[in-house]
Amino acid sequence: MFAVFGNPVAHSWSPQIHQCFASQEGRQLVYERRLVPIDSFADKVQEFFRSGGVGANVTVPFKTEAFQLADEVSERAQAAQAANTLFMRNGRLYADNTDGVGLVRAIEQVANYGLCDKRILLLGAGGAAQGVIQPLLNQRPASISIANRTVTKAEKLAAKFATSWLPVNEIKPDYDVIINATSGSLQGEMMPIDLAVLARAELVYDMMYGSEPTLFLQQAQQAGCRQTVDGLGMLVAQAAESYYLWHGFRPDINDVVLALRQQMDQP
Ligand code: NDP
């Protein structure tokens, strides 16, 4: 049995995505949503694995707690200080983080864009940003610069990963790739970024997704950016990596992104 733990969790697409993967290899799968009270994450996870649970995904707001709860963690989870995938390994609770590899695969395999030698601007310094920096660095970009509303957080992340940071009002049109890892689009808000910065970029990626382009992507399109992509590919690709960890099968990502997009577009 598999499940995604979150609060809220009703919006999660994980059950549909994992069922799509399972049907690719003809596997029967039980994958549920588990709404967890804010103060009961550890109890619920332990209960799940005691009662035969095999793997769990973890979403907002429990990723840090999942990392702290584990007996052992992967290098990716260590770098992110957060986990979105849990399972038992040799009798011990093991935590991994597949968000970063999900973003990289979504950019390279779904959006068909190579990151090597590119100048990357990462907006945001929250959990998602922290989880993607090392996997992005592994692609050997020319540089990664971090900008965040709260400057001290950008500074701290840049120091941790030996990369650079800059204040939002000093961002110049110097970047090939801009990745929005802020949750600003959720509130219909975004950083005050010069349109010339968006226009100069070859790819603007927003980790958020929905049936309509996010506010951030709309601005990039209006500015004339050549390629704008939302976070649906990342969502599917991070799930595919969890699926691989649990079942040893690498699902096809592109078909599932297309299927979900069609589902989202339905009224
Ligand atoms: P956090 O709450 O940890 O961080 C939020 C970040 O957004 C902070 O950097 C915060 O800045 C910034 N922010 C929030 N509101 C605004 C605003 N109005 N203007 C400018 N900056 C703002 O969230 P996460 O890092 O976990 O998630 C970030 C986004 O990534 C979410 O939208 C989430 O849905 C998405 N995501 C998508 C995934 C996918 O698979 N597609 C996977 C993981 C995340 P400050 O530090 O100043 O508060």
Side-chain angles (χ1 to χ4, degrees), residues 4-14 16-18 57-67 76-77 79-85 96-107 109-111 121-136 145-158 160 165-169 171 178-193 197 204-217 219 228-243 253 256-257 260-261 264:
V4 54
F5 289 76
N7 186 341
V9 77
H11 65 285
S12 172
W13 288 89
S14 293
Q16 286 98 317
I17 294 172
H18 280 265
N57 284 127
V58 180
T59 186
V60 176
F62 299 120
K63 289 185 186 180
T64 305
E65 216 176 322
F67 169 76
R76 307 186 287 205
Q81 296 282 298
N84 71 341
T85 305
D96 202 344
N97 189 315
T98 65
D99 281 338
V101 77
L103 172 72
V104 166
R105 292 208 180 118
I107 292 177
Q109 292 172 23
V110 183
L121 172 66
L122 180 65
L123 301 175
Q130 176 151 330
V132 301
I133 296 173
Q134 189 56 53
L136 286 171
S145 303
I146 305 167
N148 190 48
R149 182 177 60 180
T150 309
V151 171
T152 48
K153 285 209 235 163
E155 210 174 341
K156 215 169 136 190
L157 263 198
K160 178 172 176 187
W165 68 276
L166 75 171
V168 177
N169 61 5
I171 299 173
I178 301 174
I179 298 169
N180 185 18
T182 77
S183 50
S185 293
L186 274 178
Q187 307 109 41
E189 292 171 10
M190 65 171 275
M191 288 186 186
I193 292 171
V197 175
V204 171
Y205 196 96
D206 196 338
M207 288 193 190
M208 276 201 58
Y209 53 86
S211 52
E212 300 293 326
T214 66
L215 182 67
F216 187 73
L217 294 185
Q219 291 221 353
T228 58
V229 183
D230 76 7
L232 189 62
M234 176 179 177
L235 177 75
V236 174
Q238 60 79 25
E241 184 71 6
S242 296
Y243 192 93
I253 302 168
V256 180
V257 172
L260 276 194
R261 187 80 68 196
M264 274 183 180

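Excluded from the calculations below are hydrogen atoms, water molecules and symmetry mates; all remaining heavy atoms, backbone and side chain alike, are included. Read the numbers this way: they start at 1 and go in the same order the structure lists the ligands and their atoms.
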Check: Restricting to pairs with a member in residues 233-242, which pass salt bridge (charged side-chain N to carboxylate O under 4.0 Å, His left out), not counting sequence neighbours?
Finding: Arg76-Glu241, Arg105-Glu241, Glu241-Arg250
Notebook entry, point to check: Any idea which of Thr182, Asn180, Val236 brings a heavy atom closest to atom 29 (C) of ligand 1?
Noted result: Thr182
Show me which atoms of ligand 1 lie under 4.0 Å from any heavy atom of [X].
| X | answer |
| --- | --- |
| Met208 | 32 (O) |
| Gly231 | 41 (N) |
| Lys153 | 45 (P), 46 (O), 48 (O) |
| Tyr209 | 41 (N) |
| Gly124 | 9 (O) |

Give me the residue, atom name and distance of the protein heavy atom closest to [atom].
| atom | value |
| --- | --- |
| atom 17 (C) of ligand 1 | Arg149 NH1, 3.3 Å |
| atom 14 (C) of ligand 1 | Ser183 OG, 3.3 Å |
| atom 28 (C) of ligand 1 | Ala181 O, 3.4 Å |
| atom 8 (C) of ligand 1 | Asn148 OD1, 3.9 Å |
| atom 18 (N) of ligand 1 | Glu189 OE1, 2.6 Å |
| atom 43 (C) of ligand 1 | Lys63 NZ, 3.8 Å |
| atom 4 (O) of ligand 1 | Gly126 CA, 3.4 Å |
| atom 35 (C) of ligand 1 | Met207 CB, 3.9 Å |

Item checked: Option among Asp99, Asn97, Asn57 that satisfies the side-chain hydrogen bond (donor to acceptor under 3.5 Å, both in side chains) test with Lys63 -> Asp99
Taking the side chain as every heavy atom from C-beta outward, state whether [X] and [Y] have any pair of such atoms under 4.5 Å apart.
| X | Y | result |
| --- | --- | --- |
| Val236 | Trp13 | no |
| Val110 | Leu232 | no |
| Leu123 | Phe216 | yes |
| Leu103 | Met207 | yes |
| Asn84 | Thr98 | yes |
| Ile133 | Leu157 | yes |

Margin query: In this structure, does ligand 1 have an atom that sits under 4.0 Å from one of the heavy atoms of Gln130?
Written below: no
Next item on the list: For Ala125 and ligand 1, answer yes if some heavy atom of the residue is under 4.0 Å from a ligand atom, otherwise no.
Entry: yes
Item checked: Among Val257, Ile253, Val256, Val4, side-chain contact (heavy atoms from CB on, under 4.5 Å) partner for Ile17 -> Val256
Margin query: Determine whether a donor-acceptor pair (N or O, by modelled atom type, separation under 3.5 Å) exists between the side chain of Gln238 and the backbone of Leu235.
Written below: yes
